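First comes the structure, then the notes that go with it.
Just so you know, these numbers come straight off a predicted model, no measurement behind them. As a basis for the values below, the full set of heavy atoms in this structure was taken, side chains included, without hydrogen atoms, waters or symmetry mates.
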Amino acid sequence: QVQLVESGGYLVQPGGSLRLSCAASGSIFSHNTMAWYRQAPGKQRELVATIGSSGNTYYIDSVKGRFTISRDNAKNTLYLQMNSLKVEDTAVYYCNAPYHMGLWGQGTQVIVSS
């Protein structure tokens with residue numbers, strides 16, 4: 001029912017910027033909180049940021065001030081603007097609805113390296 005397709009990941013230098021996109025289908029948008037997650041090699045997947053249906057946002061401390069989560073309900077698309085990227089941000093990034101979890105997409109890989 002729900003499809004989540006992440007895109008925008010790339011190889012980027014430390015200090016650089018990327019904007020990730022998550023195209024969603026099904027009933028996941030409009031009424032649900034949406035979130036970005038990431039999984040570094042050999043580590044567990046972790047929550048990065050959330051945005052509620054009314055636009056309220058939450059960020060983990062390590063990305064606060066650098067990342068911005070946003071949504072366009074008309075386009076059923078979730079975004080993550082990533083600025084001042086660090087090597088520790090290297091991971092595969094995924095989107096999902098944390099309170100109504102769907103199947104995980106393939107994610108999009110972000111590699112921050114000099």
Side-chain angles (χ1 to χ4, degrees):
Q1 180 182 352
V2 177
Q3 292 188 53
L4 299 166
V5 181
E6 300 92 346
S7 63
Y10 202 70
L11 173 64
V12 64
Q13 293 181 320
S17 297
L18 289 172
R19 185 171 69 175
L20 307 184
S21 297
C22 168
S25 63
S27 61
I28 200 166
F29 251 84
S30 295
H31 301 110
N32 291 328
T33 294
M34 294 296 297
W36 284 98
Y37 301 78
R38 67 186 180 187
Q39 186 170 27
K43 297 185 178 180
Q44 295 291 316
R45 181 154 34 211
E46 67 172 346
L47 180 73
V48 177
T50 68
I51 182 167
S53 59
S54 61
N56 51 301
T57 59
Y58 164 82
Y59 303 90
I60 59 172
D61 288 344
S62 61
V63 308
K64 186 176 177 62
R66 300 189 298 118
F67 291 9
T68 302
I69 188 171
S70 61
R71 64 195 297 162
D72 187 336
N73 290 339
K75 297 180 179 179
N76 284 358
T77 302
L78 181 72
Y79 302 99
L80 185 67
Q81 179 66 48
M82 310 165 69
N83 298 327
S84 302
L85 282 162
K86 303 176 180 180
V87 173
E88 65 188 67
D89 296 318
T90 296
V92 177
Y93 284 72
Y94 304 86
C95 61
N96 220 316
Y99 304 114
H100 299 84
M101 197 73 74
L103 295 176
W104 296 102
Q106 292 186 336
T108 185
Q109 187 167 81
V110 172
I111 300 176
V112 185
S113 176
S114 60

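Both I60 and Y94 belong to a single network of hydrophobic side chains, linked directly or stepwise wherever heavy atoms of I, L, V, M, F, W or Y lie under 4.5 Å apart. Both Y59 and M34 are assigned to one and the same hydrophobic cluster, defined by single-linkage of ILVMFWY side chains at heavy-atom distances under 4.5 Å. Linking Ile, Leu, Val, Met, Phe, Trp and Tyr residues whenever their side-chain heavy atoms come within less than 4.5 Å places V12 and L80 in a single cluster. In the hydrophobic clustering of ILVMFWY residues, with side-chain heavy atoms under 4.5 Å counting as a link, Y58 and I69 come out together.
The shortest heavy-atom contact between L47 and A35 is CD1-CB, 3.6 Å. Scanning both residues, R71 and L78, for their nearest heavy atoms gives CB-CD1, 4.2 Å. Smallest separation of non-hydrogen atoms from G8 and L18: O-CD2, 3.9 Å. Scanning all heavy atoms of the two residues, the minimum distance from E6 to G107 falls at OE1-N, 3.0 Å. Taking all atoms of both residues into account, the shortest heavy-atom contact from S70 to I51 is CA-CD1, 3.8 Å. In plain terms, the two heavy atoms of Y37 and V48 that are nearest each other are C-CG2, 3.9 Å.
Aromatic ring pairs are classed by plane angle as parallel below 30°, tilted from 30° to 60° and perpendicular above 60°; the pair F67 and Y93 is tilted.
Residues S25 and N76 have side chains not in contact (no heavy-atom distance under 4.5 Å, counting atoms from C-beta outward). The shortest distance between side-chain heavy atoms of D89 and R38 falls below 4.5 Å. With a 4.5 Å cut-off on side-chain heavy atoms, T108 and Y10 do not count as touching. With contacts defined as side-chain heavy-atom distances shorter than 4.5 Å, the pair R66/M82 does not qualify. For the pair H31 and H100, the minimum side-chain heavy-atom distance is 4.5 Å or more. Within the 4.5 Å cutoff, no side-chain heavy atoms of S113 are placed close to those of T90.
With hydrogens and angles disregarded, no donor-acceptor distance shorter than 3.5 Å links the side chain of W104 to the backbone of L4. A donor-acceptor pair is defined here as one N or O able to donate and one able to accept, closer than 3.5 Å; no such pair exists between the side chain of N96 and the backbone of P98. N83 places no side-chain N or O within donor-acceptor distance of the main-chain N or O of S17, the cut-off being under 3.5 Å. With hydrogens and angles disregarded, no donor-acceptor distance shorter than 3.5 Å links the side chain of R45 to the backbone of V92.
Environment of CD in E88: crowded, with over 12 heavy atoms of neighbouring residues, nucleotides or ligands closer than 6.0 Å.
Distance check: I111 CD1 to L85 CG gives 12.5 Å after rounding to the nearest 0.5 Å.
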